[in-house]
2 protein chains.
Amino acid sequence: MTQTTHTVLLVDDHPLLRKGVRQLLDLEIDIKVIGEAANGKDAVVLAKELTPDLILLDLSMKGMDGIETLVTLREANVKSRVVVFSVSDDSNDVVTALKSGADGYLLKDTEPEELIESIRRACDGKMVISDELNEVLALSFREQQKSLGPDLNSLTRRELQIIKYIAEGLSNKLIGRKLDIAESTVKVHVKNLLKKLNLRSRVEAAIWMVEQKK
Amino acid sequence: MTQTTHTVLLVDDHPLLRKGVRQLLDLEIDIKVIGEAANGKDAVVLAKELTPDLILLDLSMKGMDGIETLVTLREANVKSRVVVFSVSDDSNDVVTALKSGADGYLLKDTEPEELIESIRRACDGKMVISDELNEVLALSFREQQKSLGPDLNSLTRRELQIIKYIAEGLSNKLIGRKLDIAESTVKVHVKNLLKKLNLRSRVEAAIWMVEQKK
DNA sequence: ACCGAACTACTACTTTGGGAGTAGTTTACG
DNA sequence: CGTAAACTACTCCCAAAGTAGTAGTTCGGT
């Protein structure tokens with residue numbers, strides 16, 4: 001069997017964790033960490049530049065978060081396999097990541113040996129999911145069945161940002177300031193988002209949103 | 001000045017992170033990692049056995065979580081200083097940790113140099129808090145004020161009926177019809193109820209209500 | 001090169017929401 | 001009996017929300 005080298009790009013805003021992972025992976029002759037990024041923007045740039053076999057992507061980053069980064073990477077036609085590496089075993093995070101095109105989802109408390117094995121398998125084109133998440137995933141499929149109506153995923157990024165602010169009680173004006181766009185533009189998004197979700201007012205949107213996330 | 005050695009116990013269920021931190025701290029001559037624990041139970045045992053100067057404690061662990069561990073340590077009369085080391089900048093986590101007797105709260109995305117400095121200062125008896133948390137902390141004090149404020153019980157029967165309808169997304173006009181009173185009257189009640197609850201709009205009222213009942 | 005989706009921003013208009021004030025009625029309580 | 005709280009309803013006024021239509025930009029995909 002030919003021993004190919006797997007190239008890896010680490011994306012995580014925790015310097016210490018990057019250090020730990022890098023140290024671990026450097027011990028493996030067939031795995032090479034060719035880059036590190038501390039945020040989504042850098043990650044996208046580096047990914048295009050280095051075309052790593054695999055991107056190990058943290059979910060919780062400030063600025064552009066993991067999911068946004070993932071989506072951006074996919075939109076930029078980055079061919080690297082992307083494995084999310086997160087502390088969260090929340091089904092929403094897992095499902096969102098996979099829906100957004102992640103090739104795997106590993107928990108940060110994974111044992112080192114298992115992490116290494118998973119990276120190899122991911123580079124070979126397999127999908128890798130931490131064992132602990134099987135139950136979580138199974139349950140989330142059942143959830144999907146009952147929520148047939150339109151949901152958050154039918155919203156665009158902007159609309160999603162805006163409905164979140166609505167669910168915090170912000171006015172259009174304030175939302176505009178937060179997102180640095182005109183109030184009139186916010187109104188357009190609100191109108192569209194209400195129509196998509198079949199709601200009649202921002203109050204209903206706020207309620208819907210709050211109940212959603214519980 | 002006498003150069004004392006600071007002894008540290010790492011408590012975190014992520015092997016990789018422990019590895020990263022240990023590697024970092026081992027480079028400092030005045031800091032010595034004398035033990036590692038992957039869970040709360042081990043942490044308590046080791047703390048009693050080793051009496052480290054400082055315990056760097058992760059919040060999110062399976063089994064006994066960070067806060068439980070912290071409380072247990074305090075109950076066991078462990079004199080070591082305890083600094084929470086967490087990814088979470090959620091004000092609840094921060095406040096709970098400090099209330100439970102933590103001597104500091106550092107975010108995991110702290111820069112290595114800053115982490116080392118903070119550890120030294122913590123060992124010197126100072127309280128160390130990540131800069132990013134100042135705002136969070138300040139806000140949480142305001143929250144406290146507001147939670148001392150009135151609740152549902154301070155509302156009259158009418159106001160209670162009306163806020164319930166608001167939390168179902170109804171307009172003043174519709175509420176008026178439901179209760180067979182004029183829209184103008186509904187407005188009066190809404191105005192009064194907003195003032196009592198210290199809210200700024202019906203949207204906030206709806207959110208507050210929905211979160212209340214769950 | 002063209003198309004469509006998303007995002008932006010405007011004008012113009014209507015409806016809804018919310019503040020402030022006045023005031024009449026009912027009801028419970030000392 | 002008097003009074004205070006709750007409920008009712010109005011007016012006036014302005015701010016916020018929401019609808020409709022036009023239109024420019026950017027960006028990814030066919």
Side-chain angles (χ1 to χ4, degrees), chain A residues 40-41 44-45 47-48 64 67-79 100-101 150 152-209, chain B residues 150 152-209:
Chain A
K41 243 173 56 183
V44 175
V45 174
K48 284 203 248 193
M64 196 193 291
I67 294 295
E68 279 183 80
T69 307
L70 174 51
V71 170
T72 310
L73 285 169
R74 289 312 185 203
E75 280 168 353
N77 248 316
V78 169
K79 302 296 187 190
S100 305
L152 283 179
N153 303 58
S154 66
L155 299 183
T156 66
R157 272 190 296 292
R158 229 9 171 198
E159 288 161 355
L160 194 56
Q161 291 179 310
I162 287 176
I163 199 176
K164 280 180 182 166
Y165 282 125
I166 288 177
E168 287 171 15
L170 297 198
S171 67
N172 290 338
K173 189 174 295 187
L174 287 179
I175 295 173
R177 275 186 211 150
K178 286 258 185 192
L179 298 178
D180 204 37
I181 57 180
E183 182 187 355
S184 59
T185 306
V186 177
K187 284 187 173 188
V188 174
H189 289 308
V190 172
K191 186 183 62 174
N192 294 337
L193 128 207
L194 288 179
K195 178 163 260 175
K196 277 188 189 173
L197 299 177
N198 203 18
L199 300 171
R200 273 147 242 84
S201 71
R202 69 198 296 100
V203 181
E204 288 192 6
I207 297 165
W208 184 82
M209 200 60 191
Chain B
L152 278 183
N153 305 357
S154 69
L155 299 183
T156 67
R157 275 180 296 291
R158 233 2 174 201
E159 288 163 354
L160 194 56
Q161 291 178 310
I162 287 175
I163 200 179
K164 279 180 182 168
Y165 282 125
I166 288 177
E168 287 171 15
L170 297 198
S171 68
N172 290 339
K173 188 175 293 187
L174 287 179
I175 295 174
R177 278 186 207 150
K178 286 258 186 193
L179 298 178
D180 204 36
I181 56 179
E183 183 188 353
S184 60
T185 306
V186 177
K187 283 189 174 187
V188 174
H189 290 307
V190 171
K191 184 185 62 175
N192 294 336
L193 122 213
L194 288 179
K195 178 163 259 175
K196 279 187 188 174
L197 298 178
N198 200 18
L199 299 171
R200 277 150 236 76
S201 71
R202 68 199 295 103
V203 181
E204 286 192 6
I207 296 165
W208 185 82
M209 200 60 192

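The sequence lines fix the lettering, A, B, ..., with proteins before strands; numbering per chain opens at 1. Since the model is a prediction, treat every value here as computed from it, not as a measurement.
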_Exactly one of B:Leu160, B:Asn192, B:Ile162 should register a side chain to side chain contact (heavy atoms under 4.5 Å, CB included) with B:Leu155. Which one does?_
B:Leu160

Between the protein and nucleotides 24-30 of chain C, which nitrogen or oxygen pairs are less than 3.5 angstrom apart?
none

*Starting at OG1 of A:Thr69, measure out to NZ of A:Lys41 and round the result to the nearest 0.5 Å.*
11.5 Å

*Separation between CG of B:Leu179 and OH of B:Tyr165, rounded to the nearest 0.5 Å*: 5.0 Å

*asked:* With side chain to side chain contact (heavy atoms under 4.5 Å, CB included) as the test, pick out the partner of A:Leu193 among A:Ile163, A:Val188, A:Thr156.
replied: A:Ile163

_I need the CG-P distance between B:Leu199 and C:dG17, as an integer number of Å._
16 Å

*Is any side-chain N or O of A:Thr156 closer than 4.0 Å to OP1 or OP2 of C:dA5?*
no

_Between P of C:dC7 and CG of A:Asp180, the distance in whole Å_ = 16 Å

*Shortest non-hydrogen contact from B:Ile166 toward B:Ala205*: CG2-CB, 4.4 Å

*Which atoms form the tightest heavy-atom contact between B:Val203 and A:Gly169, and what is the distance?*
CG1-CA, 3.9 Å

*Quick one: how far along DNA chain D does chain A reach, first to last nucleotide 5' to 3', anything under 4.0 Å to a heavy atom?*
D:dA16 to D:dG29

*Approximate separation, where rounding is to 0.5 Å, of A:Leu197 CG and A:Trp208 CH2*: 5.0 Å

_Interatomic distance, A:Leu73 atom CG to A:Lys79 atom NZ [nearest 0.5 angstrom]_ = 12.5 Å

*Note the angle between the end axes of the helix from C:dA1-D:dT30 to C:dG30-D:dC1, five pairs defining each, rounded to 10 degrees.*
40°

_A:Glu159 vs A:Val190, side chain to side chain contact (heavy atoms under 4.5 Å, CB included): CA-CA, chis, key distance, verdict_ = CA-CA 7 Å; A:Glu159 288 161 355; A:Val190 172; over 6 Å; no

*Can you tell me how far CG of A:Leu170 sits from CZ of B:Arg200, rounded to the nearest 0.5 angstrom?*
10.0 Å

*asked:* Rounded to the nearest 0.5 Å, what separates atom NZ in A:Lys196 from atom NE2 in A:His189?
replied: 10.0 Å

*Round to the nearest Å and state the distance from A:Arg157 atom CZ to C:dC7 atom C1'.*
10 Å

*Could you pull out the closest heavy-atom pair between A:Ala167 and B:Ile207, with the gap in Å?*
O-CD1, 3.1 Å

*Close side-chain approach of A:Arg202 to A:Asn172, heavy-atom, < 4.5 Å*: yes

_Using a strict heavy-atom distance below 4.0 Å, which residues from residues 183-193 of chain B are in contact with DNA chain C?_
B:Lys187, B:Val190, B:Lys191

_DNA chain C contacts among residues 168-179 of chain B, heavy-atom distance under 4.0 Å_ = B:Ser171, B:Asn172, B:Lys173

_salt bridge (charged side-chain N to carboxylate O under 4.0 Å, His left out) contacts touching residues 161-188 of chain B (sequence neighbours left out)_ = none

*asked:* Given 3.5 Å as the limit, does a donor-acceptor pair link the side chain of A:Thr185 with the main chain of A:Ile181, or not?
replied: no

